[in-house]
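Note that ligands are numbered from 1 as they come in the structure, with each ligand's atoms numbered from 1 the same way.
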Amino acid sequence: MKILQSWIAGEWTGTIAAQSLHSAIDGTEIFATHAEALDFSLALSYARKTGLKNLLALDFQQRAAILRALAKYLTEHKEDLYAISSHTGATRSDSWIDIEGGAGTVFAYASTGTNEFPSGNVVHEGPALALGKQGQFAGSHILVPKRGVAVHINAFNFPVWGLLEKFAPSFLAGMPCIIKPATATSYLTEALIRQINASGLLPAGSLQLVIGATGNLLDLLEETDVVTFTGSADTAAQLKVHPNLVKRSIPFNAEADSLNCIILGPDVQAGDEEFDLFIKEVVREMTAKAGQKCTAIRRIFVPVSLLDDVTEKLQTRLAKIHVGDPRQEGVRMGPLASKSQQRDVLDRISQLAAGNQVFGGSVEALHLSDQELHKGAFVAPTLIVCREPSENLVVHEVEAFGPVSILMPYQGVADAIKFAAMGRGSLVATLVTKDPQVAAQAIPQMAAWHGRLLILDRQAAAESTGHGSPLPQLKHGGPGRAGGGEELGGARAVKHYLQRTAIQGSPTMLAAITGEHIRGAAVQESDIHPFRRYFEDLQIGMSLLTHRRTVTEADIGAFGGLSGDYFYMHFDDIAAKESPFGKRIAHGYFVLSAAAGLFVSPAPGPVLANYGLDTLRFIKPVGIGDTIRARLTCKRKIDRQKKDAKGAGQGVVAWDVEVTNQDNELVASYDILTLVAKK
Ligand code: NDP
């Protein structure tokens with residue numbers, strides 16, 4: 001029996017066996033935790049001194065590149081993890097969610113880093129606001145790495161994804177992580193850490209692993225650290241008020257179990273496509289990972305007239321689910337992760353059964369071998385029908401963390417929304433409807449109690465990612481019983497590990513700090529056109545003030561002819577005089593084009609492409625006879641470490657453009673996005 005080891009301060013620790021861990025399939029002892037106590041002061045000091053130093057020697061773009069390489073490596077080595085994963089009770093498709101879902105999440109955070117974060121380690125959350133009338137004093141916000149350690153405590157059900165979905169955003173934010181997986185399935189997480197180490201991709205100190213208890217770790221945390229937790233609501237409630245976390249205001253993000261629901265809309269009839277979609281979704285959510293998903297459907301609400309139909313359909317489908325050894329071909333559902341989970345779920349089923357009807361639930365009917373039946377952690381798919389959901393309150397309070405769901409009738413949408421909220425906060429709910437009015441009525445009310453809402457109809461079904469799958473791009477976490485936390489959600493998740501700080505000062509100071517040109521900051525003008533400089537030579541604030549151009553009636557006529565835009569404001573003298581402007585004005589797009597004509601340096605050069613505009617505003621009208629000029633200033637540089645097809649390097653440069661009139665008034669304002677060649 002292999003002894004699992006902790007990875008602390010760059011060393012594997014643990015040679016003496018402590019707690020045995022068993023295969024969920026047949027109870028065989030497969031691993032043991034280690035008995036040696038861990039030195040958490042050492043772990044934290046290693047994270048602070050070595051990990052933090054190494055991570056902050058890199059910037060967002062470089063850390064994103066490491067995440068991309070890591071995701072690729074894990075994908076290439078996934079089969080090693082699949083081989084171990086079946087002992088957690090997972091079928092191949094359950095493991096896919098955990099293993100490939102985990103690598104996919106790392107890929108997604110690599111892209112988030114590349115596309116949404118700057119070079120350097122300061123995120124400017126602009127735009128800056130002028131705080132004085134003369135433009136000499138401004139305010140803005142920056143986000144910086146917290147310079148602390150992230151402690152992640154995970155649940156047993158996703159030993160791979162659970163680690164990676166927390167690690168990826170914290171790593172991108174520049175925080176070293178200490179990760180404690182749930183003991184029951186920690187053998188899979190340990191195998192993952194060994195793979196990550198073997199990749200050689202992570203800087204030393206970025207990731208440490210705790211097998212077993214966290215000892216005095218939380219007592220030693222400091223103000224800049226963060227704790228995240230996934231697991232039961234009870235443990236979350238206990239850890240949230242840990243005296244040291246409270247005393248030092250250490251953020252604690254909880255994602256706890258919740259009584260997620262699905263509502264079959266009142267508009268759906270038994271023969272509708274949406275009815276079948278609903279049945280399929282419920283069966284999938286009850287049986288994927290044997291129902292051990294924090295997002296699984298625990299409560300099912302249907303119009304009272306369809307209760308019997310739905311009961312019969314679900315019973316028939318659930319009876320066909322082949323339960324058994326997840327390594328066997330054709331098995332759709334494996335056992336729960338451990339015997340203790342099995343005991344817990346059976347106990348919850350008996351609490352839920354009181355006053356209700358129970359369908360399924362007999363393990364004896366599953367055709368398991370004697371060894372599996374007695375030593376494995378199997379629970380049969382179980383449907384509980386509760387006809388009085390407003391009387392029998394236990395159905396809104398007790399969660400059986402397995403293949404168990406409670407079916408209930410409702411009278412009208414308002415009732416269904418009320419029942420959904422009786423779970424007192426959940427991670428996700430699904431509304432199956434074909435009527436946009438039902439969705440428009442229900443969803444805004446439901447949103448107050450749920451972290452994510454899926455609206456399922458025949459159109460969405462073709463591509464739906466499903467009720468139970470948290471996506472890296474969308475927020476995961478819900479209010480109330482679901483823990484009140486937020487994870488994932490693209491760049492939002494990274495920002496949980498950054499410190500947001502307001503900064504005030506002159507535009508020149510703010511520009512120096514943020515690494516971004518801010519209007520009013522000092523600019524550098526020279527004889528060299530900024531478009532003639534390579535990426536490396538361009539500096540923030542390098543600027544060009546163009547010559548002037550007077551707009552004529554002929555310009556407006558020519559632009560109308562070229563574009564086909566004969567809007568009355570440009571061509572109908574009478575209507576234009578009656579408009580708020582009182583006169584004919586030039587097309588906004590003409591002003592934009594004329595500005596490009598003023599600032600562009602036409603000869604071939606390092607500027608390779610213009611790929612878009614941001615924040616375009618036409619601020620004042622430009623009339624016939626007005627004289628415009630443009631100021632072009634290098635605003636932001638991002639080195640995405642990308643190369644073109646011929647292998648030449650290039651970077652992204654955003655330019656601030658201000659177009660002004662003869663009275664020095666701003667008439668148009670925008671950012672131009674370009675790709676600029678490296679030398
Ligand atoms: P727990 O809340 O007991 O454990 C979750 C994690 O917290 C584990 O890593 C556990 O470690 C750790 N932990 C427990 N106590 C402490 C403590 N005092 N200090 C530090 N860490 C601690 O949940 P379980 O995994 O045992 O599952 C129990 C129930 O939780 C399930 O039946 C289900 O209802 C719910 N659950 C919710 C999930 C979700 O995603 N929201 C996922 C999984 C379960 P250790 O394993 O070593 O005890």
Side-chain angles (χ1 to χ4, degrees), residues 4 6 18-19 21 24 31 33-34 38 40 88-89 97-98 151-159 161-163 165-166 178-190 209-221 227-245 252-260 289-296 298 336-349 351-352 377 379 397-404 423 425-428 451-452 468-470 476-478 480-488:
L4 300 176
S6 294
Q19 182 187 339
L21 303 179
F31 295 98
T33 60
H34 65 79
L38 294 172
F40 289 108
T88 69
I97 308 173
D98 191 29
V151 172
H152 298 308
I153 301 173
N154 274 331
F156 65 84
N157 53 343
F158 287 106
W161 177 85
L163 180 146
E165 61 108 14
K166 287 183 164 82
I178 298 179
I179 302 213
K180 184 240 172 308
T183 301
T185 54
S186 52
Y187 49 88
L188 186 49
T189 314
E190 197 232 39
L209 171 74
V210 175
I211 296 289
T214 47
N216 63 346
L217 175 60
L218 301 189
D219 298 316
L220 301 173
L221 297 182
V227 179
T228 75
F229 170 83
T230 301
S232 66
D234 289 347
T235 312
Q238 187 194 331
L239 295 182
K240 198 182 224 157
V241 293
H242 186 286
N244 189 43
L245 303 192
F252 178 82
N253 190 76
E255 199 261 278
D257 49 334
S258 63
L259 288 153
N260 314 295
K289 288 275 311 174
Q292 300 167 104
K293 286 196 304 184
C294 50
T295 51
R298 306 291 176 204
L336 302 190
S338 64
K339 285 300 266 185
S340 95
Q341 276 303 307
Q342 184 196 39
R343 278 192 297 277
D344 193 58
V345 169
L346 295 177
D347 178 51
R348 305 284 171 109
I349 292 176
Q351 289 178 42
L352 289 165
V379 170
E397 285 159 11
V398 170
E399 181 200 34
F401 203 71
V404 184
S426 77
L427 293 171
V428 52
R452 179 165 59 85
S469 303
H476 176 51
R481 182 176 174 155
E486 280 196 10
E487 290 181 342
L488 302 178

Practice prompt. Heavy-atom distances under 4.0 Å are what count here, so tell me which part of T183 touches ligand 1: side chain, backbone, both or neither.
Written response: both

Item to complete: Would you give the length of the straight line joining atom CD1 of I211 to atom NE2 of H34, rounded to the nearest 0.5 angstrom?
Response: 6.5 Å

Item to complete: Heavy atoms only: give me the nearest G212-T183 pair and the separation to one decimal.
Response: CA-OG1, 4.1 Å

Response to the item:
CG of L188 to CG of L21, rounded to nearest 0.5 Å, is 12.0 Å

Item to complete: Scan N260, D257, L259 and name whichever one has a side chain to side chain contact (heavy atoms under 4.5 Å, CB included) with S426.
Response: N260

Item to complete: Using a 4.0 Å heavy-atom threshold (strictly under), name the region of E255 that reaches ligand 1: side chain, backbone, both or neither.
Response: both

Worksheet item: Which pair of non-hydrogen atoms, one from L218 and one from V227, has the smallest distance, and what is that distance?
Response: CD2-CG2, 4.2 Å

Item to complete: Report yes or no: is the cationic atom of K240 (NZ for Lys, CZ for Arg) closer than 6.0 Å to the six-membered ring centre of F229, at no more than 45° off its axis?
Response: no

Practice prompt. Would you mind listing which atoms of ligand 1 come within a distance below 4.0 Å of any non-hydrogen atom of P181?
Written response: 9 (O)

Item to complete: Report, in ascending order of atom number, the atoms of ligand 1 lying under 4.0 Å from any heavy atom of A155.
Response: 42 (C), 43 (C)

Worksheet item: Can you tell me how far CZ of R298 sits from NZ of K293, rounded to the nearest 0.5 angstrom?
Response: 9.5 Å

Practice prompt. Report the part of N154 in contact with ligand 1, treating N, CA, C, O as backbone and CB onward as side chain, heavy atoms under 4.0 Å; options are side chain, backbone, both, neither.
Written response: backbone

Worksheet item: When you look for heavy atoms under 4.0 Å from ligand 1, do you find them on the side chain of L427, its backbone, both, or neither?
Response: neither

Item to complete: Give the intermediate values and the outcome of side chain to side chain contact (heavy atoms under 4.5 Å, CB included) for residues F158 and E165.
Response: CA-CA 10 Å; F158 287 106; E165 61 108 14; over 6 Å; no

Practice prompt. For ligand 1, indicate whether the residue Q292 contacts it via side chain, backbone, both or neither (heavy-atom separation under 4.0 Å).
Written response: neither

Worksheet entry | Given V379, L336, N157, the one that forms side chain to side chain contact (heavy atoms under 4.5 Å, CB included) with F401 | N157

Item to complete: Quick one: look at N157 and ligand 1, take heavy-atom pairs under 4.0 Å, and tell me if it's side chain, backbone, both or neither.
Response: side chain

Worksheet, complete the sentence: The closest protein heavy-atom partner of atom 17 (C) of ligand 1 is L239 CD2, 3.8 Å

Item to complete: To the nearest 0.5 angstrom, please state how far the CD atom of Q292 sits from the OG1 atom of T88.
Response: 8.0 Å

Item to complete: Pick one of side chain, backbone, both or neither for how A182 approaches ligand 1, counting any non-hydrogen atom pair under 4.0 Å.
Response: both

Worksheet item: Counting from 1, what ligand 1 atoms have a heavy atom of T214 closer than 4.0 Å?
Response: 19 (N), 20 (C)

Discussion item. I want to know if ligand 1 touches T235 in the polar sense, i.e. an N/O pair below 3.5 angstrom.
Written reply: yes

Worksheet item: Side chain of N253, backbone of T228: donor and acceptor closer than 3.5 Å?
Response: no

Worksheet item: Looking at D344, which atoms of ligand 1 are within less than 4.0 Å of one of its heavy atoms?
Response: 32 (O)

Discussion item. Taking 4.0 Å as the limit for heavy-atom contacts, which would you say applies to A233 with ligand 1: side chain only, backbone only, both, or neither?
Written reply: neither

Discussion item. With the threshold set at under 4.0 angstrom, would you say Q238 reaches ligand 1 through any of its heavy atoms?
Written reply: yes

Discussion item. Among all the protein's heavy atoms, is there at least one whose distance to atom 7 (O) of ligand 1 comes out below 4.0 Å?
Written reply: yes

Response to the item:
For F229, the atoms of ligand 1 under 4.0 Å from one of its heavy atoms are 2 (O), 5 (C), 6 (C), 7 (O)

Fill in: F158 and ligand 1 - part of the residue with a heavy-atom distance under 4.0 Å
neither

